[in-house]
Amino acid sequence: MPELPEVETIVSDLRPQVQGRQITGVRSLSPEIWELPADVDGCSLILGTRVVAVQRRGKLIVIGLDNGWHLLIHLRMTGQLLLLPPAPAPRYARACFELDQSLALWFCDVRRFGRITVTSDLNTALGRLGPEPLSAQFDASFLARRLHFARRSIKSALLDQSVAAGIGNIYADEALFVARIHPATRACSLTGEQFQELAAAIKATLQCAINNRGTTVANYVDANGNPGHHQYALNVYRREGKPCPICETPIQRSRIAGRSSYFCPRCQPHNEAARAMPPEHRQRSTCQC
DNA sequence: AACCTCACCTGCGGGC
DNA sequence: TGCCCGCAGGTGAGGT
């Protein structure tokens, strides 16, 4: 599912091919995916404009247009953004942005969860998002301050886009494994050292996945239709019953924060158990990148 | 205010 | 073979 590394891969692929190009046609094949402000005609607003920027914020794709408006695309679960000829329409095509030189940006989405919107006020549109996890602003002291009173699980907190913009189920589980923190641990019970390890683990996990061009477990492909490689580097996600790469204990799955959560019961004990654990078992796990 | 549950969709795989 | 059911998980609305 597209999380930060997948969206980053798509955006970095699109940028050199789309920036500077004119949008010569807009086709809406599934009107329900558009979320437009009242009295705004999205298609006519976009038509004829030139793309001045292709960026990412959290899991959102932000396409800047030369009329001052921005096209925002969220892939949600199964959305894809593909650079293809303007015809024929690929499977599950929901919208098409035709560009000059016989190229088109196709938005495809089996489940129609994805959303497209336009805005002239980017700050308001992105206002609810927390910091970028790969930015300097996102560190242990930010997490400690932000989660000081949070009694919910750390897994739930990491999925909250106002805590960190761009983390989803896969990378929450992977980062918690690297930081050796059980996903059901209360966020406010983490120690300063654990916040340090978690912030570092989130950055390392996301950067490793970007280097691997994202994780393909079901629908994700890049802008050219190719799968990512990070599924081969996953430590715990969707590995229930398989040996932990550190200690070989079978990976467990349980439902935490309403999501399937994968963890090693030995490397990621609850805080109480961790304090009782002998030091030789507290070995550090590393990214497989 | 903080947090949880559910609806939104469709394809796929397992069980029978 | 074919049917049915559960599951996948990002987000926001609505409830506690």
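Throughout, protein chains are lettered first and strands after them, A, B, ... in sequence-line order, and every chain is numbered starting at 1.
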According to a strict under-4.0 Å criterion, is S156(A) in side-chain N/O contact with OP1 or OP2 of dC4(B)? yes
For atom P, what is the distance between dG11(B) and dT11(C), given to the nearest Å? 22 Å
Considering only heavy side-chain atoms of Y92(A), the closest of dG11(B), dA8(C), dG12(C) is dG11(B)
For the pair made of NZ in K155(A) and C1' in dC4(B), what is the distance, rounded to whole Å? 15 Å
Provide, to the nearest angstrom, the distance between the CG atom belonging to D109(A) and the P atom belonging to dA8(C). 19 Å
Determine the Euclidean distance between corresponding P atoms of dC3(C) and dC9(B); express it in Å to zero decimal places. 24 Å
Is the phosphate of dA8(C), meaning OP1 or OP2, less than 4.0 Å from a side-chain N or O of R255(A)? yes
Residue pair R27(A) / E98(A), side-chain heavy-atom distance below 4.5 Å: yes
Could you check D13(A) against Q17(A) for side-chain hydrogen bond (donor to acceptor under 3.5 Å, both in side chains), going step by step and ending with a plain yes or no? CA-CA 7 Å; D13(A) 281 357; Q17(A) 301 193 71; over 6 Å; no
Quick one: M77(A) CE to dT11(C) P, roughly how many Å, whole number? 10 Å
Do R111(A) side-chain and dA8(C) base share a donor-acceptor contact under 3.5 Å? yes
Is R259(A) side chain donor-acceptor paired with the dG10(C) base, going by distance under 3.5 Å alone? yes
How do V110(A) and R151(A) order along DNA chain B: which one's closest nucleotide is nearer the 5' end? R151(A)
Quickly work out the I33(A) CD1 to dC8(B) P distance and round it to whole Å. 18 Å
Taking side chain as C-beta onward, heavy atoms only, is C264(A) less than 4.5 Å from F177(A)? yes
Partner of N212(A) by side chain to side chain donor-acceptor pair (under 3.5 Å), out of H229(A), H230(A), Q231(A), Q207(A): H230(A)
Taken to the nearest whole Å, CZ/R253(A) to P/dC7(C) is 7 Å
Ignoring the backbone of R238(A), work out which of dT11(C), dA8(C), dC8(B) is nearest its side chain. dA8(C)
Does E248(A), at its CD atom, have more than 12 non-hydrogen atoms belonging to other residues, nucleotides or ligands within less than 6.0 Å? no
Distance check: side-chain N/O of H74(A) vs OP1/OP2 of dG10(C), anything under 4.0 Å? no
Just N and O in the side chain of S260(A): are any of them under 4.0 Å from OP1 or OP2 of dC7(C)? no
Please determine whether a side-chain nitrogen or oxygen atom of Q161(A) lies at a distance below 4.0 Å from atom OP1 or OP2 of dG10(C). no
Using Watson-Crick or G-U wobble geometry with both distances under 3.5 Å, which nucleotide pairs with dC5(C)? dG13(B)
Provide, to the nearest angstrom, the distance between the CZ atom belonging to F113(A) and the P atom belonging to dC6(B). 15 Å
Between T119(A) and D121(A), a side-chain donor and acceptor under 3.5 Å: no
Over all strands shown, is A150(A) touching base, sugar-phosphate only, or nothing at heavy-atom distances under 4.0 angstrom? sugar-phosphate
Rounded to whole angstroms, how far apart are OH on Y220(A) and C1' on dG11(B)? 20 Å
How close or far is atom P of dC3(B) from atom CG of L158(A), stated in whole angstroms? 13 Å
Between R152(A) and dA2(B), does any side-chain N or O lie under 4.0 Å from OP1 or OP2? no
